Amino acid sequence: MADLLSDAEISDRLPEEWTRDGDEIVRVFEFDGYLDASGFLSAAAGLAEDAWHHPEMTIRWGEVEVRLTTHDAGGITENDIDLAERLNGIHD
Ligand SMILES: C[C@H](O)[C@H](O)[C@H]1CNC2=NC(N)=NC(=O)C2=N1
C-alpha cells in the first residue's frame with residue numbers, strides 16, 4: 001500500500017491546475033458542452049481502471065470535477081498524484 005505524502009510533498013508534487021482540499025486533490029476540467037465532458041469522463045474511467053485507482057467524478061454541463069484520495073491509506077499518496085498527471089495528459 002502507498003504511503004501518505006507529507007504536506008510539503010503534496011504541495012511540491014501537485015500537478016498543474018490541481019488543488020488540495022483536505023485529504024483530497026481536486027481539479028475541475030472544462031469542456032465545450034456535455035458530450036465532450038462525457039467523453040473525458042469515459043476516458044478517465046479507463047485510466048482509473050488501468051491504474052486500479054478510482055476517483056470521485058462529477059459531470060456537469062461543460063465540466064467534470066475530479067476528486068482523488070487513497071482510501072486504503074486514508075489520505076493523499078503517490079497513486080493520487082500519478083493518476084492526476086495522467087488525467088491532465090488526456091485533457092491538456
Ligand atoms: C479492493 C481494491 O483493490 C481497493 O479498493 C482499491 C481500488 N481503488 C481505489 N481507489 C482509490 N481512490 N483508493 C483506494 O484506496 C483504492 N483501492
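Note that ligands are numbered from 1 as they come in the structure, with each ligand's atoms numbered from 1 the same way. Note that these values count all heavy atoms, side chains included, but never hydrogens, waters or copies made by symmetry. Along the sequence shown, residues carry numbers from 1. Only a predicted model underlies this, so the values are computations on that prediction, with no experimental measurement involved.
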Asks: Give me the one residue out of T69, I76, T19 that meets side-chain contact (heavy atoms from CB on, under 4.5 Å) with I25.
Replies: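 It is I76; the other options fail the test.
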
Asks: With distance as the sole test, does T77 use its side chain to make a donor-acceptor pair with the main-chain N or O of L4 at under 3.5 Å?
Replies: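 Not confirmed, T77 side chain does not pair with L4 backbone.
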
Asks: Are the side chains of R27 and N88 in touch, meaning some heavy atoms are under 4.5 Å apart?
Replies: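 Of all side-chain heavy-atom pairs linking N88 with R27, at least one is under 4.5 Å.
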
Asks: Using heavy atoms and a threshold below 4.0 Å, how should the contact between T69 and ligand 1 be classified: side chain, backbone, both, or neither?
Replies: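 The backbone, only.
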
Asks: Specify the protein heavy atom at minimum distance from atom 4 (C) of ligand 1: its residue, its atom name, and the distance to 0.1 Å.
Replies: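 Protein heavy atom at minimum distance: D72 OD2, 3.9 Å.
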
Asks: Any N or O on H71 sitting closer than 3.5 Å to an N or O of ligand 1?
Replies: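 Yes, there is a polar N/O contact under 3.5 Å.
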
Asks: Would you check if E78 and E9 make a side-chain contact, meaning some heavy-atom pair closer than 4.5 Å?
Replies: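 Heavy-atom side-chain distance check fails, nothing below 4.5 Å.
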
Asks: What residue and atom, counting heavy atoms only, is the protein's closest point to atom 1 (C) of ligand 1, and at what distance?
Replies: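 The answer is W52 NE1, 4.5 Å.
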
Asks: At a 4.0 Å threshold, what atoms of ligand 1 neighbour a non-hydrogen atom of T70?
Replies: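 Every atom of ligand 1 under 4.0 Å from some heavy atom of T70: 13 (N), 15 (O).
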
Asks: Which residue holds the protein heavy atom closest to atom 8 (N) of ligand 1, what is that atom called, and what is the gap in Å?
Replies: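 Checked against all protein heavy atoms, atom 8 (N) of ligand 1 sits closest to H54 ND1, 2.8 Å.
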
Asks: Can you check whether E30's main-chain N or O pairs, donor with acceptor, with H91's side chain at less than 3.5 Å?
Replies: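 Yes, because the side chain of H91 sits within donor-acceptor range (under 3.5 Å) of the backbone of E30.
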
